[in-house]
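Here the structure is laid out as structure tokens; the discussion comes afterwards.
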Amino acid sequence: MTKILPGPASVELGNKLAEELGVETVPVEAKSFPDGESYVRISGDLENERVVVVQSTYPPQNTHLVQLLQLLDAARDMKASEVIAVVPYLAYSRQDKRFRPGEAVSVGTIVRLIEATGVNSLFTVDVHTEKILELFRIHAHNVSATPALGEFFAKRGLKEPYVFAPDEGALARAKSLAACLNADYSFFQKQRDRISGAIKTSVKEFEVKDRDAIIVDDIISTGSTIANAASMLHDQNARRIYVACTHPLLLSGAKDRMMSAGVHEIVGTDCVASEVSRVSVASVVAQSLRKTM
Ligand code: R5P
């Protein structure tokens, strides 16, 4: 039998996933000790069961990562026959190489820690780059949130929608969202200063006047990437500017920054629990899981 363990960072998503799959959940109790150490307890029997641990690793990512490792390790220890990790947002994915000499390739460390628990396979959603999956020796699958976001925006009745990637790296994502909406798509050019983190977006003209625009990205952290693109679309008289994002981390005043740049609405998924997480990835993750069950 399959049992879902909704981790403390993904309780709602874990419950929805169990509903989609028509399987039981096993509650997880979690708390922090006064010194900040994490405690988790699984309230159920896992012996000889296929166990799916659902735990995202958005901020506080180090706590959520430790809870993920604890749950995977405990599930194996409690004699589950198979342990599957669903990690909708995989923290540290943006440090997937050594950009400057001496830097740690952080995502490699995370991958090795996850594998050390003895987990059998992993599912993540809109991983920052698919190359990260090659670092895993276990089966690692990337699930696209685009069908879920596409379904949401298709019901919005947008006027001549035009989909934008805020940088070239997000172009494939913009192309596939545009395909769901039968829309045009294009991209901005962005440069990031590797030391200060500051972002510069080059000026580009688009035929967006009086049309609805959607800027799509995998992660919104400070919101600067989106704000730069949005203010250009605003200056070019786009009708309404929407933002579609898989992982709305929304740090450091990100929401205000984007709204002040002319954004009308921000729509995120429940890979990250946030005030804009209105689209659930439960059904797309369930579809992927079913293929391996
Ligand atoms: C970067 O390559 C990512 O895809 C996002 O564009 C980036 O993480 C967004 O960061 P921020 O919201 O701080 O501009």
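Whatever order the structure lists them in is the order used to number ligands and atoms, beginning at 1. Values below: every heavy atom of this structure, side chains too, minus hydrogens, waters and symmetry copies.
- Considering Asp167, Asp217, Asp126, Thr246 only, the shortest heavy-atom separation from atom 6 (O) of ligand 1 involves Asp217.
- In summary, the atoms of ligand 1 found under 4.0 Å from a heavy atom of Ile199, numbered by their order in the structure, are 14 (O).
- Applying the 4.0 Å criterion to heavy atoms of Lys190 picks out, from ligand 1, the atoms 1 (C), 6 (O).
- Against a heavy-atom cut-off of under 4.0 Å, His128 is close to the following atoms of ligand 1: 1 (C), 2 (O), 3 (C), 4 (O).
- By the 6.0 Å and 45° rule, Lys204 stacks over the aromatic ring of Phe187.
- Proximity of the aromatic rings of Phe206 and Phe188 is defined here by a centroid distance below 6.0 angstrom, and this criterion is met.
- When heavy-atom distances to ligand 1 are checked against a 4.0 Å cut-off, Asp218 comes that close only through its side chain, counted from C-beta outward.
- Cation-pi contact between Lys175 and Tyr185: absent, since separation from the ring centre below 6.0 Å together with deviation from the ring axis within 45° is not met.
- Ligand 1 places these atoms under 4.0 Å from at least one heavy atom of Arg94: 8 (O).
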- Item | Evaluation steps, side-chain contact (heavy atoms from CB on, under 4.5 Å), between Gln95 and Val107 | CA-CA 6 Å; Gln95 189 71 31; Val107 79; 5.8 Å; no
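- Remark: ligand 1 and Gly223 share an N or O pair separated by less than 3.5 Å (distance only, no angle test).
- Of the listed options Arg173, Arg192, Glu168, Arg192 places a heavy atom closest to atom 7 (C) of ligand 1.
- Tyr242 and His264 have their aromatic ring centers within a separation under 6.0 angstrom.
- Taken from CZ in Arg257 to CG in Leu251, the straight-line distance is 10.0 Å, to the nearest 0.5 Å.
- Ranking protein heavy atoms by distance to atom 9 (C) of ligand 1, first place goes to Ile219 O, 3.4 Å.
- Summary of contacts: the protein heavy atom closest to atom 14 (O) of ligand 1 is Thr225 OG1, 2.5 Å.
- Going from atom OG of Ser38 over to atom NZ of Lys31 covers 11.5 Å, rounded to the nearest 0.5 Å.
- Every atom of ligand 1 with a heavy atom of Ile220 under 4.0 Å away is listed here by number and element: 12 (O).
- Here is the list of ligand 1 atoms found below 4.0 Å of a heavy atom in Thr222: 11 (P), 12 (O), 13 (O), 14 (O).
- The backbone N or O of Val127 lies less than 3.5 Å from a partner atom in the side chain of Asn142, making a donor-acceptor pair.
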